[in-house]
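Quick caveat: nothing in here was measured; it's all calculated off a predicted structure.
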Amino acid sequence: MTIEEAQALIDKWIQSVGVRYFNELTNLGILMEEVGEVARLMTRIYGEQSFKKELTASEASSNLKEELGDVLFVLICIANQTGTDLTSVLQSIIDKRTKRDKDRHKNNPKLS
């Protein structure tokens, strides 16, 4: 699925199942909430914090995938309601970073 197809699919879902988009500020709050859930899982899976109850590696990985999906869903909702074409924006960001960081990371001794 392309990003463009994902934007169209989510828009169709919102119109048919979701009734309408939440307003932009509500979606911003939801996005922050979902990013916080990703952060919580990442600090426990890859960081030094422990889970309150023991999760298997498979359960933790599955939870992380679901939370990343939630972040992507809400991000696409915000893009749709603000008229942002994520395909062109992503290409623009890649072009900007390629130009800006052409030698930066290759010459970073911390990355070798």
Side-chain angles (χ1 to χ4, degrees):
M1 176 183 314
T2 66
I3 296 171
E4 183 179 359
E5 290 168 339
Q7 284 193 252
L9 180 64
I10 288 174
D11 189 62
K12 183 179 178 183
W13 184 91
I14 291 291
Q15 303 304 326
S16 62
V17 178
V19 180
R20 66 170 178 80
Y21 286 96
F22 293 124
N23 71 44
E24 294 83 354
L25 286 177
T26 299
N27 272 337
L28 176 63
I30 293 168
L31 179 62
M32 295 302 101
E33 195 177 303
E34 297 298 349
V35 168
E37 291 173 4
V38 168
R40 179 182 49 78
L41 284 166
M42 295 284 297
T43 60
R44 284 160 178 79
I45 295 169
Y46 302 104
E48 297 168 339
Q49 281 195 315
S50 60
F51 287 99
K52 291 179 182 170
K53 70 174 187 118
E54 204 54 42
L55 285 180
T56 67
S58 176
E59 289 171 327
S61 176
S62 177
N63 289 355
L64 179 59
K65 289 174 186 175
E66 185 175 325
E67 295 304 337
L68 286 169
D70 288 342
V71 167
L72 183 58
F73 183 91
V74 178
L75 182 65
I76 291 173
C77 285
I78 292 170
N80 284 351
Q81 65 193 136
T82 59
T84 302
D85 173 0
L86 287 174
T87 300
S88 63
V89 168
L90 182 58
Q91 187 59 59
S92 174
I93 293 299
I94 290 170
D95 294 344
K96 175 183 85 173
R97 288 175 175 259
T98 299
K99 182 178 179 183
R100 181 189 70 196
D101 300 333
K102 187 174 79 142
D103 296 317
R104 177 177 167 212
H105 298 302
K106 292 177 189 172
N107 298 326
N108 182 348
K110 296 177 184 178
L111 297 178
S112 43

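- The residue from Arg97, Lys99, Gln91 that alone fulfils the side chain to side chain donor-acceptor pair (under 3.5 Å) condition with Asp95 is Gln91.
- Inter-residue side-chain proximity for Glu24 and Leu28 is flagged as unmet; no heavy-atom pair is nearer than 4.5 Å.
- Tested against Gln7, the residues Thr87, Thr2, Asn80 include a single side chain to side chain donor-acceptor pair (under 3.5 Å) partner, Asn80.
- Residue Phe51 comes nearest to Ala60 through the heavy atom pair CZ-CB, 4.0 Å, listed as atom of the first residue, atom of the second, then distance.
- Of the inter-residue distances, the one linking Leu72 atom CG with Leu31 atom CG reads 10.5 Å to the nearest 0.5 angstrom.
- The side-chain hydrogen bond (donor to acceptor under 3.5 Å, both in side chains) check on Asn27 picks up Gln81, with sequence neighbours excluded.
- Linking Ile, Leu, Val, Met, Phe, Trp and Tyr residues whenever their side-chain heavy atoms come within less than 4.5 Å leaves Val89 and Val71 in two separate clusters.
- Two residues are said to be in side-chain contact when any heavy atoms from C-beta on lie closer than 4.5 Å; Ile94 and Thr98 meet this criterion.
- The hydrophobic clustering, which links ILVMFWY residues whose side-chain heavy atoms are closer than 4.5 Å, places Trp13 and Ile3 together.
- Note that CZ of Arg40 is 10.0 Å distant from CG of Leu64, once rounded to the nearest 0.5 Å.
- Hydrophobic clustering places Met32 together with Leu41 (ILVMFWY residues linked when any side-chain heavy atoms are closer than 4.5 Å, directly or through intermediates).
- Around the CZ atom of Phe22, the shell of radius 6.0 Å holds no more than 12 heavy atoms that belong to other residues, nucleotides or ligands.
- Taking a 6.0 Å sphere around CD of Glu4, one finds it holds 12 or fewer heavy atoms contributed by other residues, nucleotides or ligands.
- Separating the OG atom in Ser61 from the CD atom in Glu66 is a distance of 11.5 Å, to the nearest 0.5 Å.
- Using a 4.5 Å cut-off between side-chain heavy atoms of Ile, Leu, Val, Met, Phe, Trp and Tyr, with links allowed through other members, Tyr46 and Leu68 fall into the same hydrophobic cluster.
- Looking at Gln15, its side chain never comes within 3.5 Å of a backbone N or O of Lys12 through a donor-acceptor pair.
- With a 4.5 Å cut-off on side-chain heavy atoms, Asp70 and Val74 do not count as touching.
- Contact of the Tyr21 side chain with the Thr26 side chain is not registered, since no non-hydrogen atoms from C-beta on lie closer than 4.5 Å.
- At a threshold of 4.5 Å between side-chain heavy atoms, the hydrophobic network of Ile, Leu, Val, Met, Phe, Trp and Tyr places Met1 and Leu86 in two separate groups.
- Taking CD of Glu33 as the reference point, atom CD1 of Ile30 lies at 7.0 Å (rounded to 0.5 Å).
- Side chain to side chain, Thr84 and Thr82 meet the donor-acceptor criterion of an N or O pair below 3.5 Å.
- Using a 4.5 Å cut-off on side-chain heavy atoms (C-beta onward), Cys77 and Ile14 make contact.
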